[in-house]
Amino acid sequence: MPTKDPAQDLVARDAAVCWHPYTQHGLEDAPLAVTGARGATLTLADGREVLDAISSWWAVLHGHGEPRVAEAMAAQALRLDHVLFAGATHEGAVRLAERLVELSPTGLERVFFSDDGSTAVEVALKIVVQWWQHKQQPGRRVFLALEGAYHGDTFGAMSIGDPDPFFLPFAPLCFEAARAKPDLAAITAKLDELGQRAAGVIIEPLVQGAAGMLMQTPEFLRDLRAVCTERGLPLIADEVMTGFGRTGALFACDVAGIAPDLMCLAKGLTGGATPMSVTLARAEHFDAFLSQDRGDAFFHGHTFTAHPIGCAAALASLDLVLERDVPARLEAIGARIHAHLAAELDPAHTTDLRQRGGIVAFDLVAPATKNSSGEATGYLAGDPAALRRRAIELGVLLRPLGNVLYAMPPACTTDAEADRIAAAMVALASG
Ligand SMILES: Cc1ncc(COP(=O)(O)O)c(C=O)c1O
């Protein structure tokens, strides 16, 4: 029976047919019924407005409904909506590839398009595995990743990610990967152990997002680059979250002044307006696949590879990133929120306040929580649902990672909005 309340109606219909990501439907609150979004603000069906302090899963870069991106997509849809990218090409894809090669760290010269962060990572792993085969070293198949690493939810990405807690049910089907702490001695020891089985190293440079916004120093990244170079191992930078200004430079690798061998980009690539991702690789990777044998080709592709509307969005977004100096604006927003938090957080209840560019995070010192398998830690710790509920009451969308509270707002966020985000985080931390 429809009610007079459109929000309740939508939520009831949703409950009957939808299955949400990362959601325990037996436990969690009803989803927010969102009817619109503009700038940093989401409008809910009941008329409330909520500040999107996490850029809707770290994607929305400029702000919701950015007209320049929306207009570029609309014009492209009328000009050329979709065409397969095997045996065909189009201006948007070539132009975007040219721009990414120009703007990304030196040496990345080939662009492989796919759909989202996970597929960008799958592509990087598959390129490296097949590249080793072309180099007559097929035994090199084990990637090293950091403890807590998160690179996406497809099987390859899960395999190199830290299984705990997201991937435990699938661990028996995942392939072998090595894991080390973000510590150079630990990493070199693991690589020594792997010897000729090592395929490469993958990292979320400077900030490990899903692990709880854990931050590394630029020096660590430089040292890691040197280790990979010494050993002839490809370094894959997963900049799915950190790309396009989130860390205060265009790419996190730029902060450290390093160039990876492969780089994965998604989320902010289109300004967060539509799904699209890319994997950038060096000429030596591409060249190793050249042969007179069709079987040596890179057999990977998706229906919507290099989708023209996505390319149009990405080109418009890139223009805005440069015109508006988005990295600097995000850094300023991050610094403002950080300053508030540094002054106002109660050290008795919080720890490890940290900032990198537009990403600000701290840990809540919370009593231990339990789940069916004992003490809940990491992502499953604390009561993030209660924190989310309280944040919405304060007019801010926050989504804690376990006991880690963080903000990563879009670049359009005004100083007054940044202050409201900081105030909500302080209120949440005060219980
Ligand atoms: C570093 C990193 N890599 C990969 C992914 C997966 O991206 P997607 O959710 O678009 O598949 C994410 C998603 O949060 C991420 O943070």
Side-chain angles (χ1 to χ4, degrees), residues 20-23 52 54-61 112-127 143-163 165-167 170 174 177 179 182 200-216 221 224 235-247 251-253 255 260 262-280 300 302 304-305 307 310 313-314 317 356-359 361 378-379 384 399-402 404 406-408 410:
H20 287 262
Y22 283 95
T23 300
D52 186 352
I54 55 166
S55 300
S56 279
W57 259 350
W58 320 340
V60 175
L61 190 62
F112 193 98
F113 292 91
S114 56
D115 299 339
D116 51 49
S118 306
T119 53
V121 168
E122 295 287 335
V123 167
L125 301 177
K126 287 174 73 173
I127 288 176
F143 290 90
L144 183 128
L146 293 188
E147 283 182 4
Y150 177 78
H151 297 286
D153 288 351
T154 48
F155 268 95
M158 284 198 296
S159 298
I160 51 161
D162 201 324
F166 304 126
F167 310 137
F170 314 108
C174 287
R179 250 171 290 284
V201 175
I202 181 159
I203 185 163
E204 296 159 81
L206 294 186
V207 188
Q208 280 185 268
M213 301 299 156
L214 302 180
M215 300 189 183
Q216 317 132 15
L221 212 50
L224 183 66
L235 175 64
I236 305 170
D238 175 354
E239 294 233 21
V240 166
M241 181 193 80
T242 51
F244 303 103
R246 291 291 181 192
T247 64
F251 300 110
C253 287
V255 176
L262 296 105
M263 185 157 94
C264 307
L265 301 170
K267 295 189 185 279
L269 170 63
T270 60
T274 192
M276 163 162 274
S277 63
V278 292
T279 306
L280 285 91
H300 186 105
H302 299 278
F304 293 116
T305 298
H307 193 246
S317 174
R356 170 67 67 188
I359 306 170
Y379 186 83
R399 202 179 152 84
L401 297 155
V404 176
Y406 73 93
M408 192 191 305

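Read the numbers this way: they start at 1 and go in the same order the structure lists the ligands and their atoms. All of these numbers come straight from a predicted model, not from anything done at the bench.
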A.B. asks: Which ligand 1 atoms are under 4.0 Å away from a heavy-atom of D238?
C.D. replies: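 In order of numbering, the contacting atoms are 1 (C), 2 (C), 3 (N), 4 (C).
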A.B. asks: Measure the distance from atom 11 (O) of ligand 1 to every protein heavy atom, then report the residue, atom name and distance (to 0.1 Å) of the closest one.
C.D. replies: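 Among all protein heavy atoms, the one nearest atom 11 (O) of ligand 1 is S118 OG, 2.6 Å.
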A.B. asks: Is it true that the side chains of R246 and S55 contain a donor and an acceptor less than 3.5 Å apart?
C.D. replies: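 Yes, because at least one side-chain N or O of R246 sits under 3.5 Å from a partner of the opposite role on S55.
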A.B. asks: Answer yes if the side chains of T270 and S317 hold a donor-acceptor pair under 3.5 Å, and no otherwise.
C.D. replies: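 Distance-only check fails for T270 and S317.
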A.B. asks: Just do the side-chain contact (heavy atoms from CB on, under 4.5 Å) check on I359 and M215 with the steps written out, would you?
C.D. replies: CA-CA 10 Å; I359 306 170; M215 300 189 183; 4.2 Å; yes
A.B. asks: Given 3.5 Å as the limit, does a donor-acceptor pair link the side chain of T23 with the main chain of P21, or not?
C.D. replies: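 Yes, because the side chain of T23 sits within donor-acceptor range (under 3.5 Å) of the backbone of P21.
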A.B. asks: Verify the distance criterion only: is there a donor paired with an acceptor across the side chains of T119 and E122 at less than 3.5 Å?
C.D. replies: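 No, no side-chain donor-acceptor pair sits under 3.5 Å.
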A.B. asks: One residue to check: E204. Relative to ligand 1, which of side chain, backbone, both or neither has a non-hydrogen atom less than 4.0 Å away?
C.D. replies: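 Looking at E204 and ligand 1, just side chain atoms fall under 4.0 Å.
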A.B. asks: Among all the protein's non-hydrogen atoms, which is closest to atom 5 (C) of ligand 1, and how far away is it?
C.D. replies: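 For atom 5 (C) of ligand 1, the nearest protein heavy atom comes out as V240 CG1, 3.7 Å.
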A.B. asks: Answer yes if the ring centres of F166 and Y22 are under 6.0 angstrom apart, and no otherwise.
C.D. replies: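 Close enough - the centres of the two rings lie under 6.0 Å apart.
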A.B. asks: Starting from atom 14 (O) of ligand 1, find the nearest protein heavy-atom neighbour and note its residue, name and distance.
C.D. replies: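 Result for atom 14 (O) of ligand 1: K267 NZ, 3.0 Å.
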A.B. asks: Quick one: does ligand 1 sit under 4.0 Å from the side chain of Y150, the backbone, both or neither, non-hydrogen atoms only?
C.D. replies: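 Y150 to ligand 1: contacts from backbone and side chain alike.
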A.B. asks: Would you mind listing which atoms of ligand 1 come within a distance below 4.0 Å of any non-hydrogen atom of G117?
C.D. replies: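 Atoms satisfying the 4.0 Å criterion: 6 (C), 7 (O), 8 (P), 10 (O), 11 (O).
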A.B. asks: Hey, which atoms in ligand 1 end up nearer than 4.0 Å to a heavy atom of W58?
C.D. replies: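 Listed by number with element: 14 (O), 16 (O).
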